[in-house]
Amino acid sequence: MHNTELTFGFPGKPHNLPAIQLDLPDQQSVLVRGRIDRLDTVTTGDQGGFVVVDYKSSTHSFSAEDAYYGLGMQMLTYIDAVLRGYEPRLAPAAGVFMHLQNPRLKYSRDKQKSLAAAFKMDGLLVNGPGMAALDTTVTPDQPGSSDIFPFRFLKSAN
């Protein structure tokens, strides 16, 4: 974890990034501001990346269709705010929703796996070098599904 409650567009607040300014016709503009629940940083080799985590009290998922039509812009707005104003400059690796809950688990011999599944994040992932740094328990060399993020590595067909 790198930052919590990272704000943008609230001058004078600690951990503040600039507002996102959207220009309108007739020399008008809209300033967008908000608060990012958590910003994690990841490093792969010499390249740094970031993960935006938004806590939710109910199940929430990222919909590319909603984002395209402007109905689900929260995660993209948070990523844009970090890209515009965060130092050092980092590449986006993911924007995910984390459902905070007190889950009721069914009996399982593997309690850790059941617990991890209950808290698995959902969201937008960037397919790039930072993907392997998100969950080091699965890699292209050790294929499988991540217990934390919504991705998996398949066995390569060599």
Side-chain angles (χ1 to χ4, degrees), residues 1-103 112 115-140 144-153:
M1 191 174 339
H2 197 266
N3 271 310
T4 57
E5 305 223 350
L6 181 66
T7 61
F8 57 98
F10 291 93
K13 289 230 178 198
H15 308 295
N16 187 59
L17 300 175
I20 298 173
Q21 182 172 332
L22 303 173
D23 293 329
L24 301 173
D26 298 327
Q27 299 173 337
Q28 300 289 318
S29 65
V30 172
L31 297 177
V32 179
R33 64 183 187 174
R35 185 180 69 220
I36 299 167
D37 291 333
R38 189 171 102 199
L39 181 71
D40 293 348
T41 56
V42 294
T43 306
T44 53
D46 59 347
Q47 185 176 4
F50 68 89
V51 177
V52 170
V53 180
D54 188 49
Y55 299 125
K56 295 292 185 191
S57 59
S58 62
T59 303
H60 200 83
S61 61
F62 178 81
S63 165
E65 184 176 347
D66 285 352
Y68 180 81
Y69 288 108
L71 302 172
M73 299 298 296
Q74 179 184 13
M75 192 57 67
L76 294 175
T77 301
Y78 291 170
I79 290 170
D80 190 32
V82 174
L83 285 172
R84 288 176 186 241
Y86 193 79
E87 291 293 337
R89 297 287 184 204
L90 302 170
V96 293
F97 298 105
M98 181 178 192
H99 180 195
L100 295 179
Q101 59 178 319
N102 189 7
Q112 285 299 108
L115 194 57
F119 286 99
K120 189 169 188 167
M121 297 184 205
D122 187 23
L124 174 67
L125 301 169
V126 177
N127 186 12
M131 179 87 74
L134 294 176
D135 183 354
T136 58
T137 63
V138 292
T139 65
S145 294
S146 169
D147 290 336
I148 303 166
F149 293 97
F151 75 86
R152 65 184 170 164
F153 287 107

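Here the structure is a predicted model, which is why all the values come from computation and not from measurement. Note: hydrogens, waters and symmetry copies are ignored here, and every other heavy atom, side chains too, is used.
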**Asked** Out of curiosity, Phe8 CZ to Asp80 CG, how far, rounded to the nearest 0.5 Å?
**Response** 8.5 Å

**Item:** Side chain to side chain, Pro88 and Tyr86, heavy atoms closer than 4.5 Å
**Value:** yes

**Prompt:** How would you list, by chain and number, every residue that makes a ring-ring contact (aromatic ring centres under 6.0 Å, His included) with Phe97, sequence neighbours excluded?
**Reply:** His60

**Item:** Non-neighbouring partners of Lys56 that pass side-chain hydrogen bond (donor to acceptor under 3.5 Å, both in side chains), sequence neighbours left out
**Value:** Asp54, Gln74

**Message:** For a 4.5 angstrom cut-off between non-hydrogen side-chain atoms, does Phe50 reach Val52?
**Reply:** yes

**Over all atoms of both residues, closest heavy-atom pair of Pro92 and Ile79** = CB-CG2, 4.0 Å

**Message:** Let's go through Phe62 and Leu76 carefully: what are the C-alpha distance in whole Å and the side-chain angles of both, what is the deciding distance for side chain to side chain contact (heavy atoms under 4.5 Å, CB included) to 0.1 Å, and is it a yes or a no?
**Reply:** CA-CA 10 Å; Phe62 178 81; Leu76 294 175; 4.3 Å; yes

**Complete:** CE of Met75 to OG of Ser61, rounded to nearest 0.5 Å, is 11.0 Å

**Complete:** In short, Gln21 meets Asp23 closest at the heavy-atom pair NE2-OD1, 3.1 Å

**Asked** So, does Arg89 use its side chain to make a donor-acceptor pair with the main chain of Leu83 at under 3.5 Å?
**Response** yes

**Fill in**
Here the pair of heavy atoms bringing Leu125 nearest to Ala94 is CD2-CB, 3.4 Å

**Request:** Please confirm whether the backbone N or O of Val53 pairs with a side-chain atom of Asp37, one donor and one acceptor, at under 3.5 Å?
**Result:** no

**Prompt:** Who are the salt bridge (charged side-chain N to carboxylate O under 4.0 Å, His left out) partners of Asp66, not counting sequence neighbours?
**Reply:** none

**Message:** Please enumerate all residues that pass side-chain hydrogen bond (donor to acceptor under 3.5 Å, both in side chains) together with Thr77, with sequence neighbours excluded.
**Reply:** none

Name each donor-acceptor pair under 3.5 Å that joins a side chain in residues 25-36 to protein atoms two or more places apart or in another chain, with its distance.
none

**Prompt:** Taking only residues two or more places apart in sequence or in another chain, which ones pass salt bridge (charged side-chain N to carboxylate O under 4.0 Å, His left out) with Glu65?
**Reply:** none

**Message:** Show the nearest heavy-atom pair for residues Gly85 and Pro18, with the distance to one decimal.
**Reply:** CA-CD, 3.9 Å

**Request:** Could you grab the distance from atom OG1 of Thr43 to atom CG of Leu90, nearest 0.5 Å is fine?
**Result:** 8.0 Å

**Complete:** For Ala81 and Leu17 the tightest heavy-atom approach is O-CD1, 3.7 Å

**Prompt:** Do you know which two heavy atoms are closest between Val42 and Ala93, and how far apart they sit?
**Reply:** CG2-CB, 4.1 Å

